[in-house]
Structure formats: C-alpha cells, structure tokens
Amino acid sequence: MTSPMVSTSGATTTTGGDADGNAGAGAAGAGARIEAVADDLARASLALARRFSLGGTMWCASPAWPFHAHHVAVEFVHPVIVGKRALAAVTVPAGADLVTTLRASVRPGDMVVVLADHDDATVTDALRRGPAWGTETVWIGAGRTRPPAGSADHVIWLDTDDALEASEQFVRVYHLLWELTHVCFEHSGLLKAEQLCTDDVCITCSDEGRLAEVVTVEGDEAVVRAEGKQERIDVSLIDPPGPGDLVLVHAGFAIGAS
Amino acid sequence: MSPESTDFLYPFIEGDETDADSLLADLARSATAKWAQSQDLRTETLARVAAQLDQVASAMAERFAAGGRLFAFGNGGSATDADGVAQLYTAPPWGGAVSARSLVEDQAVLTALANDIGFDNVFSRQLIAHGRPTDVAMGFSTSGNSDNLLVAFGQARKQGMLTVGLAGIDGGRMAVDASVQYCLVVRSQSVHRVQEAQAALTSALWARVQQALGAAAA
C-alpha cells in the first residue's frame with residue numbers, strides 16, 4: 001500500500017489503492033462476499049420474475065448514482081442475450097422527486113429497485129410506502145451498516161466500505177439479478193399469483209393492520225391507498241392526518257400513524 | 001451466446017412445480033459461480049493490461065494538467081458507463097476532481113443529432129463542438145464495433161485529442177482502428193462479464209490518473 005485513502009464514508013482505509021494503482025480491494029476477499037448475498041439475490045430474482053410474469057413494471061432509481069439505475073433498466077428492457085424477453089423496466093429520472101414520481105406512476109404489482117446508501121432519506125421514504133402502493137421493493141447497497149429491518153422486501157447488501165469496489169460489485173449484482181430472473185421464467189409453476197402469498201402470516205390476507213397512504217381527508221373520513229387500491233376509512237381515532245401521511249388501517253378505521 | 005447455452009444448468013421443470021426451495025438453491029449456486037468467474041476475469045484483465053493502464057493514465061494526466069477535459073461515450077449499458085466515468089472524475093470518492101462529461105447525458109442534443117444527422121454522428125458532432133487538442137475522448141463498447149464510437153474516435157484524432165477505448169470479446173474494430181490510440185480489451189465472450197471487468201478497468205485507470213496527477217503536482 002502506498003498511502004491510506006479516505007473513502008466516501010469518511011473512514012480511513014488502505015483498500016482504496018495499492019502499489020500498482022489498482023483501485024478497490026483487489027482479488028482477495030471480494031469473491032467470498034457473494035456467499036452473504038447469494039440467497040438474497042435468489043429470493044429477489046424469483047420475486048421479480050413473479051411480478052414481471054403478472055404484468056408488473058420495474059421502477060429503478062438511484063439518487064446518488066443515477067447511472068446505475070439506468071443500467072439496471074436498460075438491462076431488463078433490452079437484453080444482451082438475443083431471444084430473452086424484453087421486460088418492462090423504467091428509470092426514475094435523477095432530477096425527479098422519487099416519492100412524487102413513484103406515487104403517480106406505480107400500479108399494484110409493480111417493483112421498485114433502488115441502489116442507495118443505508119441512510120438515504122428519499123429512498124427510505126419511497127420504499128416504506130411499498131405496502132400502501134402495492135409494490136415489491138428491492139434495496140441494493142453496500143457498507144457496514146444495513147438499512148433498518150423491514151425497510152424493503154429484499155435487501156441485497158455488500159460488505160464493503162470502499163466506494164469504488166462497491167460500484168464495481170453493484171454491476172455484478174444487477175447483472176446476476178437479470179440472469180437469475182430469466183432462469184426463473186423457465187419455472188412457470190413457481191410464477192403463479194398464489195405463489196406471492198405463502199407466508200404463515202401474510203399481511204395481505206390476515207386481519208392485521210395494513211399500511212395505507214392518505215390521499216385526501218374530509219373531516220373524520222379519508223381516502224387512502226392500501227395495497228395500491230383506494231378505499232374510504234374513518235380517521236376519527238387518530239390525530240388528523242394529511243395527504244401523503246402513512247396510517248395503519250384495521251377494519252375500516254385508522255388505528256395509528258406510521 | 002445462444003439463449004439455450006446455460007439451459008443444462010437449469011433442467012426444465014413442469015408448470016405444476018410448487019416448491020421454490022430447490023430453485024432458490026440452484027439460483028444461489030449459480031450466482032456464486034458467476035461471481036467467481038467475474039472476479040477471476042477482473043484479476044486476469046487488470047494484470048494483463050497493467051502496463052497499458054500506466055501508459056494511458058500518464059497520457060491522460062498530461063492532458064488534464066494542461067487543462068484538458070474528458071468526454072466519455074457509449075451505447076446502452078456502455079452509455080451508463082460513460083455517465084459513471086463522468087461522475088467518478090468530477091465527484092470522486094477521494095483525490096482531486098477534473099473536468100469530465102458524458103456525451104449521452106443531454107437528451108436534447110442527442111435526439112437532435114440522431115434525428116437530423118443520424119445515430120452514427122451523435123458523439124462525433126459533439127466532439128466537433130467541444131473538443132480541443134488537450135482533451136481526452138473515452139469510448140465504451142462491449143463488442144468494440146459500434147459505428148458511432150469509431151466515427152467519434154476518428155473525429156477526436158482529427159482534432160488532436162487523446163483517444164482511449166474500452167472494448168470486450170476480441171476488441172473488435174476498436175482494437176485495430178488507428179484512431180483508437182489506446183484500446184483496453186476485456187477478453188470474455190459474455191457481455192455482462194465484459195462490462196463488469198470494464199468497471200474494474202475504469203476504477204483502476206482513474207486511480208492511476210489520480211496518482212499521476214498527484215505526482216505531477218508534487
């Protein structure tokens with residue numbers, strides 16, 4: 001190592017370069033990291049294949065690295081392997097407000113795939129609305145700190161603090177996401193609608209509180225969006241919410257803010 | 001690659017398949033194997049072109065030190081590589097920022113040129129407008145055969161710019177075209193693995209440019 005370098009996280013690291021000027025941590029170690037994310041990649045790929053099969057659109061976003069979001073979308077829309085299906089994928093433009101754009105655009109059954117740091121507030125706000133909008137969410141990132149549990153349906157997190165190494169490995173991750181998604185298309189029995197709800201306790205089917213996003217409020221009543229569909233609920237039990245707020249709904253009543 | 005070339009890895013299972021666990025295990029194994037292939041290709045590529053990277057970095061650092069700017073371009077996924085390079089050079093994770101721009105980022109310019117002149121000229125016409133002899137033209141292609149890249153490299157050389165190409169497979173026309181002064185080739189038949197190794201080359205080249213600029217400033 002010639003000199004320590006400062007990574008984007010502000011921590012001093014010696015993995016930023018070596019005597020040959022090679023960026024990243026080099027060959028050692030990086031190959032082993034896949035073990036930690038291979039299962040997450042597999043599950044996310046199957047989930048995407050199911051959503052695509054049922055007509056979903058994949059929305060890609062990366063406020064910090066917009067080129068990665070564009071790469072994901074072009075990968076799915078225009079496959080590099082001739083004969084593979086063109087899939088509905090879109091990039092949310094870097095300059096657009098992520099929540100506003102997705103709120104207006106997504107339909108139930110769509111997917112939202114983001115590449116972002118664990119503390120990206122815009123991405124956090126967009127993904128937490130997944131249950132209300134009816135979207136399946138995938139969060140790809142890197143670093144020692146992961147997003148809080150439950151931030152997304154699928155979290156694919158690389159164990160590196162080196163910005164350059166992370167950026168390289170993101171390309172591998174979304175290439176593999178595409179490759180594995182297409183493998184899943186060969187397993188049509190696993191892509192049916194009923195396969196989407198196989199958990200013992202499914203929030204969609206059970207009688208638990210469901211997350212909903214407030215659309216409009218009129219006195220004690222509000223129109224909300226839950227699982228992507230609008231419904232009218234009673235909000236008299238909670239502090240008056242405003243449009244865009246997230247509330248928990250049970251049996252037609254908002255029972256709490258979220 | 002033919003669409004069926006990997007089918008043997010994933011035996012066809014009937015449409016009444018209901019247990020996802022064996023598929024998920026297969027997918028995870030496949031991901032792990034491909035990750036290792038990508039890592040091996042990265043190591044092989046960086047070692048094979050190490051001397052070339054030093055030469056390119058030194059030549060680029062000379063241009064930057066003389067006030068030169070970097071113009072990056074490519075099509076499809078390679079267009080996103082060009083965007084990524086522009087971001088890396090102008091907003092680096094460490095080191096100093098230098099002037100760099102992607103020629104695919106302005107949709108108005110891109111569509112105007114494509115509509116009025118043709119797609120082969122979308123990059124070369126921008127170089128005519130912006131390029132100076134101190135600048136660097138960097139083009140990304142997995143095949144090495146993109147017409148609009150070769151037109152752009154030819155134009156860049158006419159204007160005295162330094163030309164750097166990143167290509168894959170066997171380097172294609174970029175590897176043999178005299179207008180591409182430095183052609184860094186990733187030797188793989190897989191477009192995905194080529195792009196992954198090109199990402200490594202991009203990082204390695206940028207780090208060397210930073211070192212060369214630091215040495216020039218010292």
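Below, read A as the first sequence line, B as the second, and so on, with proteins coming before strands; counting in each chain starts at 1. Here the structure is a predicted model, which means the values were calculated and not measured.
The pair A:Asp110-A:Arg51 does not meet the salt-bridge criterion, since no charged nitrogen lies less than 4.0 angstrom from a carboxylate oxygen. Residues A:Asp40 and A:Arg43 are not paired through a salt bridge, judged by the lack of any N-O separation under 4.0 Å between the basic side chain and the carboxylate. Ion pair B:Arg193/A:Glu179 flagged as a salt bridge, since at least one NZ, NE, NH1 or NH2 atom sits closer than 4.0 Å to an Asp/Glu carboxylate oxygen.
Across B:Asp83, B:Thr142, B:Leu24, the residue that shares the most heavy-atom pairs under 4.5 angstrom with chain A is B:Leu24. For chain A, the option among B:Glu196, B:Gln195, B:Gln87 with the highest count of heavy-atom pairs below 4.5 Å is B:Glu196.
With a threshold of 4.5 angstrom between heavy atoms, A:Ala44 does not approach chain B through any atom at all. Contact of A:Val37 with chain B is not made at all, since no heavy-atom distance falls under 4.5 Å. For B:Asp81, the part lying under 4.5 angstrom from a heavy atom of chain A is the side chain only. Interface remark: A:Trp178 contributes side-chain atoms only to the contact with chain B (heavy atom separation under 4.5 Å).
Exactly one residue among A:His175, A:His68, A:His71 makes a ring pair (Phe, Tyr, Trp, His ring centres under 6.0 Å) with A:Phe170. That residue is A:His68. For the side chain to side chain contact (heavy atoms under 4.5 Å, CB included) criterion with A:Leu48, the lone passing option out of A:Glu136, A:Met58, A:His154 is A:Met58.
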